[in-house]
2 protein chains.
Amino acid sequence: MTNHHSAKSPAIDVIHALIKTSHYIQREFDAQLTNHDMPFQLSGPRLRVLLAVSEEGEIRMSELASKLGVKARTVTDFVDALEKDQLLVRLPDPKDRRATLIQLTEMAQVQIQKVHCLQEEAAEALLTNLSEEQRNELIELLGNLANYQNVPCSFEE
Amino acid sequence: MTNHHSAKSPAIDVIHALIKTSHYIQREFDAQLTNHDMPFQLSGPRLRVLLAVSEEGEIRMSELASKLGVKARTVTDFVDALEKDQLLVRLPDPKDRRATLIQLTEMAQVQIQKVHCLQEEAAEALLTNLSEEQRNELIELLGNLANYQNVPCSFEE
DNA sequence: TATTGTTATACTCTATAACTATA
DNA sequence: TATAGTTATAGAGTATAACAATA
């Protein structure tokens, strides 16, 4: 590779570059979501909830909390709001009368699909400067960076 | 096709890897800052304010707002809180009696220095798996990516 | 007794709008 | 009239603590 950077690269600079880039990307994604003609304002965190439910098909609120890395109380609020917008529904868990199961509505699934398309477009636009090989390199480097397998994926700040 | 990454690397996967990694890092940094024996809870945003002031030495609130990318009202709150914690001071701008200049206190400078040390440690820990060369590669790739001037940001459908 | 989810409360970060003092 | 900052208000995202129903 060309080595005009190799003079010095303290860890802190690498991390700052990473954070800065990520902020930029998230701003772009956010603008994307809020400026398009979506029927609902699907903020990063709200979208994250929907995606987590989508992955499981049906999930308990307590499980959802730990999957998202937030507290149960926080999930209650998200579910309240998303239920009001008819993006998901609460169902009693037949196996445990204390528990509540969450499912997406049809509409939520359509919305998620739309968001996914927008994100693909945005992602392509952001990566025009990187070749296929460079993209793979980037993914590999990020994968090596640390053990963060347990960390939930998210799109917000 | 020889290695397991080169099969396919859709843009969206690269972006997700980036965001996920960045979240992980920020959580680590945050834990670092809140768990260490810092006299003040220097959250990410609060720290960002201090660093912005630090860079300029002395800065108007309005300038600070645009430097941070937030509204003037938001800066008022930050400055209120940080002034109460004696991390910065408001001074009248002699050149314009409407304006207010912000300066760091001695204590803030000490705190920033401490935070910087902690972050360097944390950054090193996060990057143990990457060689010097890989770090440079990573910075370079991120630099290409964030070269957003060239990206025609037309995300229309 | 322990767990699930909710009520009650609060904090941080951010915004818009209306106002004041100055320019 | 326009700009700098503040007061007033609001909303999203998150937390802890106390509690009810159930296990």
Side-chain angles (χ1 to χ4, degrees), chain A residues 23 26-27 30-31 33-35 40-53 58-85 87-103 152 154-157, chain B residues 23 26-27 29-31 33-35 40-53 58-85 87-103:
Chain A
H23 270 258
Q26 283 173 121
R27 227 174 295 123
D30 232 41
L33 264 76
T34 55
N35 292 340
F40 301 102
Q41 287 308 66
L42 280 185
S43 66
R46 278 163 62 102
L47 181 58
R48 213 156 65 94
V49 173
L50 295 184
L51 291 174
V53 178
E58 170 176 283
I59 189 173
R60 279 195 194 175
M61 292 185 66
S62 54
E63 256 187 90
L64 189 50
S66 69
K67 194 174 162 79
L68 293 170
V70 300
K71 297 300 175 198
R73 180 61 183 84
T74 302
V75 169
T76 297
D77 275 351
F78 276 124
V79 170
D80 283 351
L82 293 168
E83 192 173 36
K84 202 164 72 181
D85 285 347
L87 291 166
L88 51 74
V89 289
R90 279 175 165 100
L91 299 172
D93 184 338
K95 295 183 180 164
D96 185 337
R97 295 218 311 257
R98 294 170 305 181
T100 304
L101 292 173
I102 303 302
Q103 278 182 354
S154 80
F155 292 110
E156 42 74 50
E157 182 17 3
Chain B
H23 268 259
Q26 283 176 113
R27 229 171 291 124
F29 269 38
D30 235 39
L33 263 76
T34 56
N35 292 341
F40 301 103
Q41 288 308 65
L42 278 185
S43 66
R46 276 163 64 102
L47 181 59
R48 216 156 62 93
V49 173
L50 295 183
L51 292 174
V53 178
E58 168 175 285
I59 188 173
R60 278 195 194 176
M61 294 185 68
S62 53
E63 255 188 274
L64 189 49
S66 69
K67 193 173 163 81
L68 293 170
V70 300
K71 298 299 174 196
R73 180 60 183 86
T74 302
V75 170
T76 296
D77 275 351
F78 277 123
V79 170
D80 283 351
L82 293 168
E83 191 174 37
K84 203 165 72 183
D85 284 347
L87 291 166
L88 51 74
V89 290
R90 281 175 164 100
L91 299 173
D93 184 338
K95 296 185 181 162
D96 186 338
R97 297 218 311 258
R98 295 168 305 177
T100 304
L101 292 173
I102 304 302
Q103 277 182 355

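We name chains A, B, ... by the order of the sequence lines, and we start the count at 1 in each one. Computed from heavy atoms alone, side chains included, the values below leave out hydrogens, waters and symmetry copies.
Under the salt bridge (Lys or Arg N to Asp or Glu O under 4.0 Å) criterion, A:R73 pairs with A:D77, sequence neighbours left out. Not counting sequence neighbours, B:E63 has no partner by the salt bridge (Lys or Arg N to Asp or Glu O under 4.0 Å) test. Remark: A:R97 pairs with no residue by the salt bridge (Lys or Arg N to Asp or Glu O under 4.0 Å) rule, at least two apart or across chains. In terms of the side chain to side chain contact (heavy atoms under 4.5 Å, CB included) criterion, residue partners of B:D96 (sequence neighbours excluded) are, by chain and number, B:R60, B:R98, B:A99.
In this structure, A:M61 atom CE and C:dT3 atom P are separated by 18 Å, rounded to whole Å. D:dT14 atom P lies 15 Å from atom CG of A:D80, rounded to whole Å. To the nearest angstrom, P of C:dC13 lies 12 Å from CG of B:L68. Between A:R90 atom CZ and C:dT4 atom P the separation is 16 Å, expressed in whole Å. In this entry the distance linking NZ of A:K84 with C1' of D:dG11 reads 12 Å, nearest Å. Per the geometry, CD1 belonging to A:I59 stands 13 Å off P belonging to C:dT4, to the nearest Å. For the pair A:L82 CG and D:dA12 C1', the interatomic distance rounds to 12 Å; values are reported in whole Å.
Proximity of B:L101 to B:P94: side-chain heavy atoms (C-beta onward) are separated by under 4.5 Å at one or more points.
The two residues B:M61 and B:V75 come nearest to each other via the heavy atoms CE-CG1, 3.7 Å. In terms of heavy-atom proximity, A:L87 sits nearest to A:R46 at CD1-NH2, 4.2 Å.
Taken residue by residue, residues 43-53 of chain B places heavy atoms nearer than 4.0 Å to DNA chain C at B:S43, B:P45, B:R46.
With B:F78 as the partner, the side chain to side chain contact (heavy atoms under 4.5 Å, CB included) test is satisfied by one option alone out of B:L50, B:L88, B:I102, B:V49: B:V49.
Phosphate proximity of D:dG5 to B:S62: present, with a side-chain N or O under 4.0 Å from OP1 or OP2.
At a threshold of 4.0 angstrom between heavy atoms, the contacts of A:T76 include nucleobase atoms, whether or not backbone atoms are also involved.
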- Message: Within the 4.0 Å limit for protein heavy atoms, which parts of nucleotides 15-23 of chain D are touched? Write it as a string from 5' to 3', B for base, S for sugar-phosphate only, - for none.
- Response: BB----BBS
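The side chain of B:F78 lies closest to C:dT14, out of D:dT6, C:dT14, C:dT4.
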- CA sep, side-chain torsions, deciding dist, call: B:D80, B:R90, side chain to side chain contact (heavy atoms under 4.5 Å, CB included): CA-CA 9 Å; B:D80 283 351; B:R90 281 175 164 100; 2.9 Å; yes
